[in-house]
Visitor: 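Dumping the structure here so I can ask a few things about it.
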Amino acid sequence: MQLHVKLFAMLQEQLGDVIVVSVPEQPTADQIKQAIADASPNLRQVIGTARIAVNQEFTASGPLDVGTDDEIALIPPVSGG
Amino acid sequence: MQLHVKLFAMLQEQLGDVIVVSVPEQPTADQIKQAIADASPNLRQVIGTARIAVNQEFTASGPLDVGTDDEIALIPPVSGG
Amino acid sequence: MYYLNISDSPIDVDALYQKLKDPQYGGIVTFVGTVRQWTGDIETRFIDYSAYHPMAEKQLEKLAAPIEAKGARVVIAHRTGHLDLTDEAVFVGVAAAHRGDAFRWCEYLIDTLKKEVPIWKKETDTDAVRWGD
Amino acid sequence: MYYLNISDSPIDVDALYQKLKDPQYGGIVTFVGTVRQWTGDIETRFIDYSAYHPMAEKQLEKLAAPIEAKGARVVIAHRTGHLDLTDEAVFVGVAAAHRGDAFRWCEYLIDTLKKEVPIWKKETDTDAVRWGD
(Lines give C-alpha, C1' and ligand atoms only; values in the text may rest on other atoms or scores of the structure.)
Protein backbone atom coordinates (compact mmCIF):
# COMPACT_ATOMS: atom_id res chain seq x y z
CA MET A 1 0.00 0.00 0.00
CA GLN A 2 1.29 3.47 -0.82
CA LEU A 3 0.92 6.17 1.81
CA HIS A 4 1.37 9.92 1.44
CA VAL A 5 3.05 11.16 4.61
CA LYS A 6 3.14 14.87 5.47
CA LEU A 7 6.48 16.20 6.62
CA PHE A 8 7.32 19.14 8.89
CA ALA A 9 10.19 21.22 10.20
CA MET A 10 13.69 20.00 9.24
CA LEU A 11 12.25 16.97 7.44
CA GLN A 12 10.04 19.22 5.32
CA GLU A 13 13.07 21.36 4.49
CA GLN A 14 15.07 18.31 3.44
CA LEU A 15 12.44 16.11 1.80
CA GLY A 16 9.54 18.37 0.82
CA ASP A 17 5.96 18.64 2.05
CA VAL A 18 5.03 15.02 1.42
CA ILE A 19 6.85 11.74 0.98
CA VAL A 20 5.25 8.67 -0.63
CA VAL A 21 6.24 5.31 0.83
CA SER A 22 5.19 1.71 0.40
CA VAL A 23 4.11 -0.12 3.56
CA PRO A 24 2.26 -3.35 4.41
CA GLU A 25 -1.49 -3.23 5.07
CA GLN A 26 -2.27 -2.09 8.64
CA PRO A 27 1.29 -0.91 9.21
CA THR A 28 2.61 0.01 12.62
CA ALA A 29 3.99 3.52 13.16
CA ASP A 30 7.47 2.01 13.30
CA GLN A 31 6.97 0.37 9.89
CA ILE A 32 5.98 3.71 8.38
CA LYS A 33 8.99 5.41 9.95
CA GLN A 34 11.23 2.58 8.74
CA ALA A 35 9.98 3.01 5.18
CA ILE A 36 10.70 6.75 5.31
CA ALA A 37 14.13 6.16 6.81
CA ASP A 38 14.96 3.59 4.11
CA ALA A 39 14.19 6.29 1.52
CA SER A 40 16.28 8.90 3.36
CA PRO A 41 19.04 7.07 5.23
CA ASN A 42 20.96 10.24 6.10
CA LEU A 43 17.94 11.45 8.13
CA ARG A 44 17.50 8.12 9.93
CA GLN A 45 18.21 9.58 13.36
CA VAL A 46 15.66 12.39 13.32
CA ILE A 47 13.08 10.11 11.69
CA GLY A 48 13.68 7.66 14.53
CA THR A 49 12.77 10.28 17.15
CA ALA A 50 9.64 11.40 15.26
CA ARG A 51 6.08 10.22 15.91
CA ILE A 52 3.36 9.26 13.46
CA ALA A 53 0.02 11.05 13.53
CA VAL A 54 -3.08 9.75 11.75
CA ASN A 55 -5.86 12.24 11.05
CA GLN A 56 -4.14 14.74 13.34
CA GLU A 57 -3.92 12.42 16.32
CA PHE A 58 -0.75 10.86 17.67
CA THR A 59 -0.83 7.10 17.25
CA ALA A 60 -0.37 4.42 19.87
CA SER A 61 1.72 1.29 19.23
CA GLY A 62 0.18 -1.56 17.29
CA PRO A 63 -1.21 -1.92 13.77
CA LEU A 64 -2.85 1.20 12.31
CA ASP A 65 -6.08 0.90 10.39
CA VAL A 66 -5.05 3.40 7.73
CA GLY A 67 -5.85 3.75 4.06
CA THR A 68 -5.08 6.20 1.31
CA ASP A 69 -7.88 8.53 2.51
CA ASP A 70 -6.28 9.08 5.89
CA GLU A 71 -4.02 12.01 6.68
CA ILE A 72 -0.68 10.61 7.82
CA ALA A 73 2.02 12.86 9.23
CA LEU A 74 5.54 12.38 10.56
CA ILE A 75 5.97 14.63 13.59
CA PRO A 76 9.58 15.35 14.57
CA PRO A 77 10.19 16.30 18.22
CA VAL A 78 8.19 19.46 18.80
CA SER A 79 9.82 22.64 20.05
CA GLY A 80 7.10 25.24 20.45
CA GLY A 81 6.71 27.49 23.45
CA MET B 1 7.67 54.00 80.00
CA GLN B 2 4.96 55.36 77.72
CA LEU B 3 4.88 54.11 74.12
CA HIS B 4 2.93 55.49 71.18
CA VAL B 5 1.76 52.53 69.13
CA LYS B 6 0.46 52.98 65.59
CA LEU B 7 -2.73 51.12 64.76
CA PHE B 8 -4.03 49.80 61.45
CA ALA B 9 -7.06 48.23 59.82
CA MET B 10 -9.93 47.30 62.15
CA LEU B 11 -7.92 48.41 65.21
CA GLN B 12 -7.39 51.84 63.68
CA GLU B 13 -11.09 52.07 62.95
CA GLN B 14 -11.96 51.20 66.55
CA LEU B 15 -9.18 52.90 68.48
CA GLY B 16 -7.74 55.63 66.25
CA ASP B 17 -4.37 56.06 64.56
CA VAL B 18 -2.29 55.76 67.74
CA ILE B 19 -2.74 54.35 71.21
CA VAL B 20 -0.52 55.35 74.16
CA VAL B 21 0.27 52.59 76.63
CA SER B 22 2.51 52.19 79.67
CA VAL B 23 4.97 49.30 79.56
CA PRO B 24 8.08 48.24 81.49
CA GLU B 25 11.53 49.18 80.15
CA GLN B 26 12.68 46.78 77.39
CA PRO B 27 9.23 45.28 77.02
CA THR B 28 8.53 42.14 75.06
CA ALA B 29 6.09 42.29 72.12
CA ASP B 30 3.64 40.31 74.27
CA GLN B 31 3.86 42.88 77.05
CA ILE B 32 3.05 45.69 74.60
CA LYS B 33 0.12 43.72 73.20
CA GLN B 34 -1.08 42.95 76.72
CA ALA B 35 -1.04 46.65 77.63
CA ILE B 36 -3.11 47.47 74.53
CA ALA B 37 -5.53 44.64 75.24
CA ASP B 38 -5.94 45.80 78.84
CA ALA B 39 -6.98 49.21 77.49
CA SER B 40 -9.39 47.68 74.96
CA PRO B 41 -10.64 44.38 76.39
CA ASN B 42 -13.37 43.92 73.77
CA LEU B 43 -10.63 43.77 71.08
CA ARG B 44 -8.50 41.30 73.03
CA GLN B 45 -8.83 38.55 70.44
CA VAL B 46 -7.67 40.52 67.38
CA ILE B 47 -4.90 42.18 69.43
CA GLY B 48 -3.76 38.69 70.42
CA THR B 49 -3.33 37.65 66.79
CA ALA B 50 -1.46 40.88 65.87
CA ARG B 51 2.32 41.29 65.68
CA ILE B 52 4.49 44.17 66.91
CA ALA B 53 6.77 46.00 64.49
CA VAL B 54 9.57 48.31 65.61
CA ASN B 55 10.87 50.83 63.10
CA GLN B 56 8.96 49.03 60.36
CA GLU B 57 10.42 45.60 61.08
CA PHE B 58 8.57 42.68 62.63
CA THR B 59 10.02 41.84 66.03
CA ALA B 60 11.32 38.52 67.28
CA SER B 61 10.50 37.23 70.77
CA GLY B 62 12.49 38.55 73.72
CA PRO B 63 12.98 42.00 75.23
CA LEU B 64 12.83 44.93 72.79
CA ASP B 65 15.33 47.74 73.09
CA VAL B 66 12.76 50.46 72.38
CA GLY B 67 12.40 54.04 73.53
CA THR B 68 10.08 56.92 72.81
CA ASP B 69 11.96 57.74 69.57
CA ASP B 70 11.19 54.38 68.00
CA GLU B 71 8.23 53.79 65.69
CA ILE B 72 6.13 51.04 67.24
CA ALA B 73 3.21 49.50 65.35
CA LEU B 74 0.61 46.85 66.06
CA ILE B 75 0.12 44.80 62.89
CA PRO B 76 -3.10 42.79 62.75
CA PRO B 77 -3.10 39.73 60.47
CA VAL B 78 -2.41 41.06 56.99
CA SER B 79 -4.78 40.38 54.10
CA GLY B 80 -3.30 41.97 51.02
CA GLY B 81 -3.08 40.29 47.65
CA MET C 1 16.34 46.06 38.96
CA TYR C 2 13.03 45.38 40.67
CA TYR C 3 10.05 47.71 40.45
CA LEU C 4 7.74 47.90 43.48
CA ASN C 5 4.71 50.11 43.92
CA ILE C 6 1.88 50.48 46.42
CA SER C 7 -0.58 53.21 45.53
CA ASP C 8 -4.21 54.14 44.97
CA SER C 9 -3.69 54.29 41.19
CA PRO C 10 -5.25 51.55 39.08
CA ILE C 11 -2.82 48.74 38.22
CA ASP C 12 -1.72 49.00 34.59
CA VAL C 13 -1.07 45.32 33.87
CA ASP C 14 0.38 45.93 30.44
CA ALA C 15 2.80 48.63 31.59
CA LEU C 16 4.01 46.36 34.42
CA TYR C 17 4.37 43.43 32.04
CA GLN C 18 6.49 45.57 29.71
CA LYS C 19 8.96 46.17 32.58
CA LEU C 20 9.63 42.41 32.66
CA LYS C 21 10.58 42.06 28.99
CA ASP C 22 14.30 41.79 28.31
CA PRO C 23 16.45 39.87 25.83
CA GLN C 24 18.12 37.99 28.70
CA TYR C 25 14.84 36.43 29.95
CA GLY C 26 12.87 33.78 28.10
CA GLY C 27 10.06 33.20 30.59
CA ILE C 28 7.75 35.69 32.25
CA VAL C 29 5.21 34.52 34.83
CA THR C 30 2.70 36.94 36.27
CA PHE C 31 0.04 36.63 38.93
CA VAL C 32 -2.83 39.09 39.05
CA GLY C 33 -5.33 39.08 41.91
CA THR C 34 -8.66 40.70 41.10
CA VAL C 35 -11.73 41.44 43.18
CA ARG C 36 -13.92 38.34 42.99
CA GLN C 37 -17.69 38.52 43.27
CA TRP C 38 -18.45 35.29 45.13
CA THR C 39 -16.65 33.55 47.99
CA GLY C 40 -18.89 30.59 48.68
CA ASP C 41 -22.28 32.14 49.53
CA ILE C 42 -20.87 35.58 50.26
CA GLU C 43 -21.24 38.20 47.55
CA THR C 44 -18.69 41.00 47.52
CA ARG C 45 -19.69 44.49 46.37
CA PHE C 46 -16.33 46.26 46.70
CA ILE C 47 -13.10 46.18 48.71
CA ASP C 48 -11.05 48.90 50.38
CA TYR C 49 -7.35 48.14 50.82
CA SER C 50 -5.14 50.04 53.25
CA ALA C 51 -1.43 49.73 53.93
CA TYR C 52 1.21 50.67 56.48
CA HIS C 53 3.02 52.27 53.60
CA PRO C 54 6.71 52.62 54.48
CA MET C 55 6.79 49.22 56.16
CA ALA C 56 4.88 47.54 53.33
CA GLU C 57 7.37 48.91 50.83
CA LYS C 58 10.30 47.74 52.94
CA GLN C 59 8.76 44.28 53.18
CA LEU C 60 8.35 44.11 49.41
CA GLU C 61 12.02 45.02 48.99
CA LYS C 62 12.95 42.18 51.34
CA LEU C 63 10.94 39.79 49.19
CA ALA C 64 12.22 41.03 45.85
CA ALA C 65 15.94 41.40 46.60
CA PRO C 66 16.82 37.69 47.06
CA ILE C 67 14.94 36.73 43.88
CA GLU C 68 16.71 39.44 41.90
CA ALA C 69 19.99 38.19 43.36
CA LYS C 70 19.31 34.89 41.57
CA GLY C 71 19.34 36.77 38.26
CA ALA C 72 15.60 37.26 37.77
CA ARG C 73 13.58 40.47 37.54
CA VAL C 74 10.72 41.19 39.94
CA VAL C 75 7.80 43.59 39.47
CA ILE C 76 5.18 43.92 42.23
CA ALA C 77 2.34 46.40 42.49
CA HIS C 78 -0.46 46.54 45.04
CA ARG C 79 -3.36 48.89 44.81
CA THR C 80 -4.89 50.58 47.85
CA GLY C 81 -8.15 52.48 48.25
CA HIS C 82 -11.52 51.57 46.78
CA LEU C 83 -11.66 48.62 44.33
CA ASP C 84 -14.69 47.37 42.43
CA LEU C 85 -15.35 43.87 41.09
CA THR C 86 -12.66 42.67 38.63
CA ASP C 87 -10.34 45.54 39.56
CA GLU C 88 -6.73 44.39 39.93
CA ALA C 89 -5.60 44.42 43.57
CA VAL C 90 -2.13 42.97 43.08
CA PHE C 91 0.33 42.22 40.30
CA VAL C 92 3.36 39.98 40.86
CA GLY C 93 5.65 39.32 37.91
CA VAL C 94 8.92 37.41 37.58
CA ALA C 95 11.07 37.23 34.47
CA ALA C 96 13.75 34.53 34.48
CA ALA C 97 15.93 32.60 32.08
CA HIS C 98 14.02 29.37 32.84
CA ARG C 99 10.28 29.07 33.22
CA GLY C 100 10.29 26.66 36.17
CA ASP C 101 12.13 29.25 38.24
CA ALA C 102 9.75 31.99 37.13
CA PHE C 103 6.73 29.92 38.23
CA ARG C 104 8.29 28.99 41.58
CA TRP C 105 9.43 32.48 42.44
CA CYS C 106 6.21 34.18 41.36
CA GLU C 107 4.15 31.87 43.56
CA TYR C 108 6.58 32.27 46.45
CA LEU C 109 6.31 36.07 46.16
CA ILE C 110 2.50 36.20 46.22
CA ASP C 111 2.29 33.59 49.00
CA THR C 112 4.78 35.53 51.12
CA LEU C 113 3.26 38.92 50.30
CA LYS C 114 -0.04 37.63 51.67
CA LYS C 115 1.66 36.74 54.96
CA GLU C 116 4.35 39.35 55.50
CA VAL C 117 3.33 42.64 53.90
CA PRO C 118 1.20 44.98 56.05
CA ILE C 119 -1.75 45.54 53.72
CA TRP C 120 -5.34 44.94 54.79
CA LYS C 121 -8.59 44.47 52.98
CA LYS C 122 -11.98 45.61 54.19
CA GLU C 123 -14.56 43.76 52.18
CA THR C 124 -18.01 45.24 51.76
CA ASP C 125 -20.23 42.26 51.04
CA THR C 126 -23.95 42.37 50.40
CA ASP C 127 -24.67 41.10 53.93
CA ALA C 128 -21.88 42.61 56.03
CA VAL C 129 -18.52 44.38 56.15
CA ARG C 130 -15.60 42.02 56.75
CA TRP C 131 -11.96 42.69 57.55
CA GLY C 132 -9.34 40.28 56.27
CA ASP C 133 -10.21 37.04 54.53
CA MET D 1 -14.93 29.32 27.26
CA TYR D 2 -11.32 28.89 26.24
CA TYR D 3 -9.63 31.00 23.58
CA LEU D 4 -6.91 29.36 21.50
CA ASN D 5 -4.98 30.89 18.64
CA ILE D 6 -1.98 29.96 16.48
CA SER D 7 -1.09 32.58 13.91
CA ASP D 8 1.60 34.79 12.44
CA SER D 9 0.14 37.88 14.13
CA PRO D 10 2.05 39.42 17.04
CA ILE D 11 0.78 38.29 20.44
CA ASP D 12 -1.21 41.06 22.10
CA VAL D 13 -0.54 40.22 25.74
CA ASP D 14 -2.93 42.80 27.11
CA ALA D 15 -5.83 41.75 24.90
CA LEU D 16 -5.29 38.10 25.90
CA TYR D 17 -5.07 39.04 29.58
CA GLN D 18 -8.38 40.92 29.30
CA LYS D 19 -10.06 37.70 28.13
CA LEU D 20 -9.16 36.12 31.50
CA LYS D 21 -10.80 38.77 33.67
CA ASP D 22 -14.16 37.81 35.13
CA PRO D 23 -15.94 38.48 38.44
CA GLN D 24 -15.94 34.74 39.19
CA TYR D 25 -12.13 34.44 39.17
CA GLY D 26 -9.81 35.94 41.76
CA GLY D 27 -6.47 34.69 40.45
CA ILE D 28 -4.98 34.99 36.98
CA VAL D 29 -1.62 33.38 36.19
CA THR D 30 0.02 33.93 32.83
CA PHE D 31 3.17 32.59 31.26
CA VAL D 32 4.78 34.41 28.36
CA GLY D 33 7.71 32.92 26.46
CA THR D 34 9.82 35.44 24.60
CA VAL D 35 12.77 35.10 22.25
CA ARG D 36 15.88 35.10 24.44
CA GLN D 37 19.22 36.39 23.20
CA TRP D 38 21.62 34.02 24.96
CA THR D 39 21.44 30.29 25.64
CA GLY D 40 24.75 29.57 27.31
CA ASP D 41 27.36 30.68 24.75
CA ILE D 42 24.94 30.65 21.83
CA GLU D 43 23.57 33.99 20.70
CA THR D 44 20.21 33.92 18.94
CA ARG D 45 19.43 36.45 16.20
CA PHE D 46 15.87 35.43 15.39
CA ILE D 47 13.53 32.43 15.38
CA ASP D 48 11.07 31.09 12.81
CA TYR D 49 8.21 29.03 14.21
CA SER D 50 6.13 26.70 12.05
CA ALA D 51 3.13 24.56 12.95
CA TYR D 52 1.08 21.64 11.68
CA HIS D 53 -1.88 23.95 12.04
CA PRO D 54 -5.04 21.87 12.28
CA MET D 55 -3.37 19.27 14.50
CA ALA D 56 -1.74 21.89 16.70
CA GLU D 57 -5.11 23.53 17.27
CA LYS D 58 -6.71 20.17 18.09
CA GLN D 59 -3.94 19.43 20.56
CA LEU D 60 -4.47 22.78 22.28
CA GLU D 61 -8.17 22.00 22.61
CA LYS D 62 -7.30 18.69 24.24
CA LEU D 63 -5.11 20.54 26.74
CA ALA D 64 -7.58 23.32 27.49
CA ALA D 65 -10.82 21.34 27.78
CA PRO D 66 -10.03 19.38 30.97
CA ILE D 67 -8.79 22.53 32.74
CA GLU D 68 -11.92 24.43 31.74
CA ALA D 69 -13.98 21.48 33.00
CA LYS D 70 -12.54 22.20 36.46
CA GLY D 71 -14.14 25.65 36.31
CA ALA D 72 -11.14 27.69 35.15
CA ARG D 73 -10.67 29.72 31.99
CA VAL D 74 -7.80 29.04 29.59
CA VAL D 75 -6.27 31.36 26.99
CA ILE D 76 -3.40 30.13 24.82
CA ALA D 77 -1.79 31.83 21.85
CA HIS D 78 1.28 30.77 19.89
CA ARG D 79 2.87 32.89 17.23
CA THR D 80 4.34 31.42 14.06
CA GLY D 81 6.57 32.97 11.42
CA HIS D 82 9.55 35.24 12.01
CA LEU D 83 10.19 36.44 15.59
CA ASP D 84 12.88 38.85 16.74
CA LEU D 85 14.50 39.12 20.17
CA THR D 86 11.97 39.77 22.98
CA ASP D 87 9.02 39.02 20.68
CA GLU D 88 6.38 36.92 22.43
CA ALA D 89 6.29 33.35 21.08
CA VAL D 90 3.66 31.94 23.41
CA PHE D 91 1.07 33.13 25.92
CA VAL D 92 -0.60 30.73 28.35
CA GLY D 93 -3.11 32.14 30.82
CA VAL D 94 -5.34 30.52 33.41
CA ALA D 95 -7.96 32.28 35.51
CA ALA D 96 -9.26 30.36 38.50
CA ALA D 97 -11.04 30.93 41.77
CA HIS D 98 -7.92 29.97 43.73
CA ARG D 99 -4.39 31.00 42.88
CA GLY D 100 -2.72 27.68 43.65
CA ASP D 101 -4.83 26.02 40.97
CA ALA D 102 -4.07 28.80 38.50
CA PHE D 103 -0.30 28.36 39.02
CA ARG D 104 -0.47 24.56 38.74
CA TRP D 105 -2.64 24.52 35.64
CA CYS D 106 -0.74 27.27 33.84
CA GLU D 107 2.56 25.43 34.33
CA TYR D 108 0.99 22.13 33.32
CA LEU D 109 -0.33 23.73 30.11
CA ILE D 110 2.99 25.21 29.00
CA ASP D 111 4.91 22.05 29.97
CA THR D 112 2.49 19.89 27.98
CA LEU D 113 2.30 22.31 25.06
CA LYS D 114 6.07 21.98 24.72
CA LYS D 115 5.76 18.19 24.44
CA GLU D 116 2.48 17.53 22.65
CA VAL D 117 1.69 20.39 20.26
CA PRO D 118 3.22 20.15 16.76
CA ILE D 119 5.01 23.48 16.57
CA TRP D 120 8.69 23.77 15.70
CA LYS D 121 11.30 26.44 16.07
CA LYS D 122 14.15 27.11 13.70
CA GLU D 123 16.66 29.24 15.53
CA THR D 124 19.03 31.43 13.58
CA ASP D 125 21.98 31.92 15.90
CA THR D 126 25.07 33.97 15.15
CA ASP D 127 27.09 30.78 14.48
CA ALA D 128 24.55 28.38 12.96
CA VAL D 129 20.94 27.56 12.24
CA ARG D 130 19.42 25.12 14.73
CA TRP D 131 16.13 23.23 14.74
CA GLY D 132 14.45 22.52 18.05
CA ASP D 133 16.01 23.35 21.37
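Computed from a predicted structure; not experimentally measured. Side-chain atoms are counted along with the backbone in the values below, which use heavy atoms only and exclude waters and symmetry mates. Just so it is clear: chains get the letters A, B, ... in the order the sequence lines come, proteins before strands, and each one is counted from 1.
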Visitor: Side-chain contact, heavy-atom cut-off 4.5 Å: B:F58 with C:E116?
Guide: yes

Visitor: Is it true that, when you exclude C:D41 itself, more than 12 heavy atoms of the residues, nucleotides or ligands shown sit nearer than 6.0 Å to its CG?
Guide: no

Visitor: Where is the tightest heavy-atom contact between B:V78 and C:V117, given as atom of each residue plus distance?
Guide: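 Looks like CB-O, 3.3 Å.
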
Visitor: Does any heavy atom of chain C fall under 4.5 Å from the side chain of B:A53, the backbone, both, or neither of them?
Guide: side chain

Visitor: Nearest 0.5 Å, please: how far is CG in B:N55 from CE in C:M55?
Guide: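 The CG atom of B:N55 is 10.5 Å from CE of C:M55, to the nearest 0.5 Å.
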
Visitor: So for atom NE2, which belongs to B:H4, do other residues, nucleotides or ligands contribute more than 12 heavy atoms lying within a distance under 6.0 Å?
Guide: no

Visitor: Looking at NZ of C:K58 and CD of B:E57, how far apart are the two atoms once the value is rounded to the nearest 0.5 Å?
Guide: 5.5 Å

Visitor: Quick check on C:Y52 against chain B: is it the side chain, the backbone, both or neither that has a heavy atom closer than 4.5 Å?
Guide: both

Visitor: With the side chain counted from C-beta on, respond yes when C:E57 and B:Q56 share a heavy-atom pair under 4.5 Å apart, and no when they do not.
Guide: no

Visitor: Do the side chain of C:W131 and the main chain of B:L11 share a donor and acceptor less than 3.5 angstrom apart?
Guide: no

Visitor: Can you name the residues that form a side chain to side chain contact (heavy atoms under 4.5 Å, CB included) with B:Q34, not counting sequence neighbours?
Guide: B:D38, B:R44

Visitor: Would you indicate whether the side-chain heavy atoms of B:P76 and C:W120 approach each other to under 4.5 Å?
Guide: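 Side-chain contact under 4.5 Å: yes.
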
Visitor: Which pair of non-hydrogen atoms, one from C:L113 and one from B:G80, has the smallest distance, and what is that distance?
Guide: CD2-C, 4.2 Å

Visitor: Please name the pair of heavy atoms, one in C:A89 and one in B:G81, separated by the smallest distance, quoted to 0.1 Å.
Guide: CB-O, 4.4 Å

Visitor: With distance as the sole test, does C:Y49 use its side chain to make a donor-acceptor pair with the main-chain N or O of B:S79 at under 3.5 Å?
Guide: no

Visitor: By a 4.5 Å heavy-atom criterion (distance strictly below it), what part of C:Q59 contacts chain B: side chain, backbone, both, or neither?
Guide: side chain

Visitor: Quick one: of B:R51, B:E71, B:K6, who has the most non-hydrogen atom pairs under 4.5 Å with chain C?
Guide: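 The candidate making the most pairs under 4.5 Å is B:R51.
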
Visitor: Spell out the residues in residues 62-79 of chain C that have some non-hydrogen atom less than 4.5 Å away from a non-hydrogen atom of chain B, in order of number; otherwise answer 'none'.
Guide: C:K62, C:H78

